[in-house]
A.B. asks: 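Take a look at the following structure, please.
A note on names: the letters A, B, ... follow the listed sequences, proteins ahead of strands, and every chain is numbered from 1.
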2 protein chains.
Amino acid sequence: DIWRLMGMWSIWMFRLPLVRNISELPQDSYGRRGLSHITVAGSVFHGMKEVEVWHQTFAPESHTPIHRHSCEEVFVVLKGSGTLYLASSSHEKYPGKPHEYHIFPNSTFHIPVNDVHQVWNTNEHEDLQMIVIISRPPVKAFIYDDWSMPHTASKLKFPYYWDEECLQAPPKDEL
Amino acid sequence: DIWRLMGMWSIWMFRLPLVRNISELPQDSYGRRGLSHITVAGSVFHGMKEVEVWHQTFAPESHTPIHRHSCEEVFVVLKGSGTLYLASSSHEKYPGKPHEYHIFPNSTFHIPVNDVHQVWNTNEHEDLQMIVIISRPPVKAFIYDDWSMPHTASKLKFPYYWDEECLQAPPKDEL
Ligand SMILES: [Zn+2]
Ligand SMILES: [Zn+2]
């Protein structure tokens, strides 16, 4: 029937093109100053269930929120440099002063699950360009105003910035 | 006690350095002609549980085996070009003639779960360099001699090439 045909057509449309030019994919700041985000392979648009891949460019002085999540996250730096701030103190009441790590072209790092972290482009002369990989998409992140905010006061941001247009927040017990 | 201290020490050793230079990581062909493989973030060496990231360079005319796996896999092409061969016929008795897709710099594609596939560097003038992401590491792949080999005759390659030195094959019921 017509619905079956529509379903087949939408699956066919969804799977084409299999090979995509990253520079032609939707690119937006999603309201975050200095960010250019591309979902390379994602849960919402590409039906990924276990991994999601982003291509992100941060203009000088721009950065991620201070945040944590229970999924795994791997960064590969393609261009530019910056600073990773990482607090490994999930057993304390608040993140506290983070460790600082220099990140540079062709470097990689992963964030230990639930550690509070932030990535900054601290190089005022160049964009910071990275491939970012997360597990168990779509990402459910808890956001902090600063490093001394108690873990219990951090706020769940779900759907995350780029998933907002297409995802509704589910009932709490689905998280 | 001493074991607790040893445990803390090994965790500390394992986590350093957090930021790694990809060009300084172990790089090897693992017995495959024309391949240069780097595990950027992996199950065996970095304790990843949900995603694994590779940096792979294929010399002209080199390629992956014809294979399938039940994990998700995403490719991001950094440099060079080549051909993706993909057979979407897991419901048939054997893969059959695959579709061919041109892959190029800054392109991305993901492999539908369990579809039989192979990536070739078909550009005789340039290396093909890619970031490869898989879910549920370490990878368990079934390998085919050719596109007309029955699915039931494909052979499990576990541990996979780069995991061989550090992983023992588990009893079958763990797969
Ligand atoms: Zn994060
Ligand atoms: Zn594969």
Side-chain angles (χ1 to χ4, degrees), chain A residues 11 14-25 38-43 46-55 70-78 81-84 86 88 99-113 115 117 119 130-137, chain B residues 11-12 14-25 38-43 46-55 70-78 81-84 86 88 99-113 115 117 119 131-137:
Chain A
I11 283 167
F14 236 62
R15 285 191 53 173
L16 279 178
L18 185 81
V19 179
R20 302 181 292 276
N21 188 336
I22 294 178
S23 18
E24 291 171 3
L25 297 179
I38 299 168
T39 298
V40 170
S43 165
H46 312 105
M48 304 300 294
K49 293 192 170 79
E50 302 176 353
V51 293
E52 182 161 307
V53 181
W54 308 328
H55 182 285
S70 62
C71 65
E72 291 186 346
E73 183 172 38
V74 180
F75 291 80
V76 174
V77 180
L78 299 176
S81 59
T83 306
L84 162 68
L86 181 70
S88 313
H99 290 269
E100 298 183 19
Y101 301 88
H102 179 63
I103 64 176
F104 50 90
N106 215 31
S107 68
T108 184
F109 52 94
H110 62 269
I111 307 297
V113 161
D115 276 6
H117 59 285
V119 178
M130 301 183 290
I131 298 279
V132 185
I133 296 127
I134 59 148
S135 62
R136 282 184 283 126
Chain B
I11 283 166
W12 185 79
F14 236 63
R15 286 190 50 172
L16 279 178
L18 185 82
V19 179
R20 301 181 294 276
N21 188 335
I22 294 178
S23 17
E24 291 171 2
L25 297 179
I38 299 168
T39 298
V40 170
S43 164
H46 312 106
M48 304 300 294
K49 292 193 171 79
E50 301 176 352
V51 293
E52 181 161 309
V53 181
W54 308 327
H55 183 284
S70 62
C71 65
E72 290 186 347
E73 183 171 38
V74 180
F75 291 79
V76 174
V77 179
L78 300 176
S81 58
T83 306
L84 161 67
L86 180 70
S88 314
H99 290 269
E100 299 183 18
Y101 301 88
H102 179 63
I103 63 177
F104 50 89
N106 214 32
S107 68
T108 183
F109 52 95
H110 63 268
I111 307 296
V113 161
D115 276 5
H117 58 286
V119 177
I131 299 278
V132 185
I133 296 126
I134 58 148
S135 63
R136 284 183 283 125

A.B. asks: Has the side chain of A:Glu72 got a donor or acceptor atom that lies under 3.5 Å from a matching backbone atom of B:Met48?
C.D. replies: no

A.B. asks: For the residue pair B:Val76 and A:Ile22, what are the closest heavy atoms and their distance?
C.D. replies: CG1-CD1, 3.8 Å

A.B. asks: Give, as side chain, backbone, both or neither, the part of B:Val74 having an atom under 4.5 angstrom from any heavy atom of chain A.
C.D. replies: side chain

A.B. asks: Could you tell me which portion of B:His102 (side chain, backbone, both or neither) has an atom closer than 4.5 angstrom to a non-hydrogen atom of chain A?
C.D. replies: backbone

A.B. asks: Non-hydrogen atoms of chain A under 4.5 Å away: do they reach the side chain of B:Ile134, the backbone, both or neither?
C.D. replies: backbone

A.B. asks: Tell me, please, which residues at least two apart from B:Glu50 pass salt bridge (Lys or Arg N to Asp or Glu O under 4.0 Å).
C.D. replies: A:Arg136

A.B. asks: Hey, could you give me the CD1/CD distance between A:Ile133 and B:Glu52, rounded to the nearest 0.5 Å?
C.D. replies: 11.0 Å

A.B. asks: Can you tell me how far the CD1 atom of A:Ile38 sits from the OG1 atom of B:Thr108, to the nearest 0.5 Å?
C.D. replies: 10.5 Å

A.B. asks: Quick one: list whatever passes side chain to side chain contact (heavy atoms under 4.5 Å, CB included) with A:Ser107, sequence neighbours left out.
C.D. replies: A:Val77, A:Ile103, A:Phe104, B:Val19

A.B. asks: Given a strict heavy-atom distance threshold of 4.5 Å, which part of A:Val53 is in contact with chain B: side chain, backbone, both, or neither?
C.D. replies: side chain

A.B. asks: Chain A heavy atoms under 4.5 Å from B:Val51: which part of the residue, side chain, backbone, both or neither?
C.D. replies: both

A.B. asks: So, for B:His110 and A:Leu18, which heavy atoms are closest and what is the spacing to 0.1 Å?
C.D. replies: O-CD1, 3.7 Å

